[in-house]
**Student:** 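I am attaching a structure below and will ask some questions about it afterwards.
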Amino acid sequence: MIPASKRRMTLQRKIILEEIEKVNAHPAADEVYELVRGRLPKISLGTVYRNLEILSESGLIRKLDLGDGQWRFDGNLKDHYHVQCIRCGRIGDVFCKPCEDLEESVQEKTEFEILSHRLDFVGLCPECKRKEEQQWQD
Ligand code: ZN
Ligand code: MN
């Protein structure tokens, strides 16, 4: 049985999905637009935006807000966290066990029923860290 979201998959949507699944860079909408233009030269940015919404609503991609003012899109549906470099903006995947004890302790402290959590890491990527260290040596 094919899910409804796949049944109504248009060619444009299929290509957008393929391009997002291909990259590891967590592109923003305008970057997705650049990625698909090679295969769909006539596509508009508006169409890309609309299809990104549909794909994330259907759960085929993840829509990320890493606090840098733009939505980013991830084709990896496995549970994972993200780490972003404060210098170059690069985003990496963090695969580790979901912090369930964190949810428990927040629940105890706040008496909220905690359903899920959002957690992002920030830091310096290896390349920016190396550049920083070189600067101090010069
Ligand atoms: Zn960096
Ligand atoms: Mn990711």
Side-chain angles (χ1 to χ4, degrees):
M1 170 91 192
I2 309 158
S5 50
K6 286 240 178 182
R7 270 204 311 264
R8 286 181 295 130
M9 183 75 75
T10 62
L11 179 64
Q12 283 179 331
R13 201 168 302 149
K14 188 168 162 274
I15 288 176
I16 291 172
L17 178 61
E18 280 172 7
E19 292 300 315
I20 292 176
E21 284 172 341
K22 235 190 262 173
V23 294
N24 211 6
H26 308 85
D30 55 333
E31 291 162 337
V32 176
Y33 173 61
E34 290 304 325
L35 286 172
V36 297
R37 262 175 38 168
R39 292 170 70 189
L40 297 167
K42 285 181 186 155
I43 199 163
S44 72
L45 183 57
T47 303
V48 170
Y49 270 110
R50 205 169 50 246
N51 280 293
L52 287 170
E53 281 305 319
I54 295 169
L55 285 168
S56 35
E57 278 166 20
S58 322
L60 294 170
I61 59 173
R62 282 174 66 191
K63 192 176 170 186
L64 309 174
D65 176 10
L66 292 181
D68 62 354
Q70 52 188 343
W71 290 107
R72 296 178 172 279
F73 299 91
D74 194 345
N76 190 337
L77 298 176
K78 268 199 218 147
D79 258 347
H80 62 282
Y81 298 109
H82 291 101
V83 58
Q84 186 164 34
C85 178
I86 54 164
R87 275 302 129 69
C88 68
R90 203 175 113 189
I91 298 163
D93 291 324
V94 185
F95 291 96
C96 64
K97 247 178 63 205
C99 303
E100 276 153 16
D101 34 339
L102 181 64
E103 290 187 7
E104 259 167 52
S105 92
V106 172
Q107 183 148 320
E108 266 166 40
K109 285 195 179 98
T110 63
E111 292 177 17
F112 270 61
E113 187 189 342
I114 302 303
L115 303 171
S116 70
H117 64 271
R118 301 188 195 123
L119 178 62
D120 304 312
F121 299 90
V122 286
L124 279 177
C125 74
E127 212 169 293
C128 290
K129 193 179 155 214
R130 210 188 47 230
K131 275 188 207 153
E132 186 128 308
E133 282 165 358
Q134 271 169 357
Q135 232 169 28
W136 286 104
Q137 278 161 12
D138 291 343

**Student:** Determine whether K42 and L40 satisfy the following criterion, side-chain contact (heavy atoms from CB on, under 4.5 Å), listing intermediate values before the conclusion.
**Tutor:** CA-CA 6 Å; K42 285 181 186 155; L40 297 167; over 6 Å; no

**Student:** Do S58 side-chain atoms and L60 backbone N/O form a donor-acceptor pair below 3.5 Å?
**Tutor:**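 Checking the backbone N and O of L60 against the side chain of S58, no donor-acceptor pair under 3.5 Å is found.
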
**Student:** From L35 CG over to F73 CZ, what is the distance, rounded to the nearest 0.5 angstrom?
**Tutor:**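 Those atoms lie 12.5 Å apart.
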
**Student:** Just by modelled atom types, is the E18 backbone N or O under 3.5 Å from a matching donor or acceptor in the E21 side chain?
**Tutor:** no

**Student:** Step through the shown structure and confirm whether more than 12 heavy atoms of other residues, nucleotides or ligands are within 6.0 Å of CD on E127.
**Tutor:**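 Check fails, neighbour count at 12 or below.
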
**Student:** Is there a side-chain contact between D65 and W71 (heavy atoms, below 4.5 Å)?
**Tutor:**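 D65 vs W71: side chains touch.
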
**Student:** How far does SG of C96 sit from CZ of F121, to the nearest 0.5 angstrom?
**Tutor:**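 Reported value, rounded in 0.5 Å steps: 5.5 Å.
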
**Student:** Does a salt bridge link E53 with K63, judged by any charged N lying under 4.0 Å from a carboxylate O?
**Tutor:**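 Judged by the 4.0 Å cut-off on N to carboxylate O distance, E53 and K63 do form a salt bridge.
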
**Student:** Does T47 reach the main-chain N or O of I43 with its side chain, forming a donor-acceptor pair under 3.5 Å?
**Tutor:** no

**Student:** Can you tell me how the ring of H82 sits relative to the ring of H26, calling it parallel under 30°, perpendicular over 60° and tilted otherwise?
**Tutor:** perpendicular

**Student:** Does any non-hydrogen side-chain atom of I91 lie less than 4.5 Å from one of V83?
**Tutor:** no

**Student:** What closest approach, in Å, do A28 and Q70 show between heavy atoms, and which atom pair accounts for it?
**Tutor:** CB-OE1, 3.3 Å

**Student:** Kindly compute the distance separating CG (D101) from CD (Q107), expressed to the nearest 0.5 Å.
**Tutor:** 13.0 Å

**Student:** I need the minimum non-hydrogen distance between Y33 and S44, along with the two atoms involved.
**Tutor:** CE1-C, 3.7 Å

**Student:** Can L119 be reached from V94 by stepping across I, L, V, M, F, W or Y side chains whose heavy atoms are under 4.5 Å apart?
**Tutor:** yes

**Student:** Any link between I20 and L45 through a network of hydrophobic side chains (Ile, Leu, Val, Met, Phe, Trp, Tyr) touching at under 4.5 Å?
**Tutor:**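 Yes, because I20 and L45 connect within a single hydrophobic cluster, where side-chain heavy atoms sit under 4.5 Å apart.
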
**Student:** Take Q84 and D120 through the side-chain hydrogen bond (donor to acceptor under 3.5 Å, both in side chains) test and state the conclusion after the steps.
**Tutor:** CA-CA 8 Å; Q84 186 164 34; D120 304 312; over 6 Å; no

**Student:** Do V48 and I54 share a hydrophobic cluster, counting only Ile, Leu, Val, Met, Phe, Trp and Tyr and linking them when any side-chain heavy atoms are less than 4.5 Å apart?
**Tutor:**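 No.
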
**Student:** I'd like to check C128 versus E133 (side-chain heavy atoms, cut-off strictly below 4.5 Å). Are they in contact?
**Tutor:**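 Sidechains of E133 and C128: no contact.
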
**Student:** Can R62 and H80 be said to form a side-chain contact (heavy atoms from CB on, under 4.5 Å), step by step?
**Tutor:** CA-CA 11 Å; R62 282 174 66 191; H80 62 282; 3.2 Å; yes

**Student:** Show your reasoning for whether side-chain contact (heavy atoms from CB on, under 4.5 Å) applies to V32 and E19.
**Tutor:** CA-CA 8 Å; V32 176; E19 292 300 315; 5.8 Å; no

**Student:** Tell me, do I61 and L52 make a side-chain contact under 4.5 Å, heavy atoms counted?
**Tutor:** yes

**Student:** Side-chain heavy atoms nearer than 4.5 Å, only ILVMFWY residues, links allowed to pass through others: does that put I15 and L55 together?
**Tutor:**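 Both belong to a single hydrophobic cluster.
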
**Student:** Any link between L64 and Y81 through a network of hydrophobic side chains (Ile, Leu, Val, Met, Phe, Trp, Tyr) touching at under 4.5 Å?
**Tutor:** no

**Student:** Between L17 and M9, does the side-chain contact (heavy atoms from CB on, under 4.5 Å) criterion hold? Intermediate values first, please.
**Tutor:** CA-CA 10 Å; L17 178 61; M9 183 75 75; 3.9 Å; yes

**Student:** Salt bridge or not for E132 and K129, using N-O below 4.0 Å?
**Tutor:** no

**Student:** Tell me, yes or no, whether the heavy-atom count around F95 atom CZ, taken from other residues, nucleotides or ligands under 6.0 Å, exceeds 12.
**Tutor:** yes

**Student:** So with a 6.0 Å cut-off around NZ of K14, is the heavy-atom count from everything else above 12?
**Tutor:**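 No, because the 6.0 Å sphere around NZ of K14 holds 12 heavy atoms or fewer from other groups.
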
**Student:** For the atom pair CG (L102) and CD1 (I114), what is the distance rounded to the nearest 0.5 Å?
**Tutor:**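 These two atoms lie 9.0 Å from each other.
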
**Student:** Please report the interatomic distance CD(E34) to CD(E31), rounded to the nearest 0.5 Å.
**Tutor:**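 With rounding to 0.5 Å, CD (E34) is 9.0 Å from CD (E31).
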
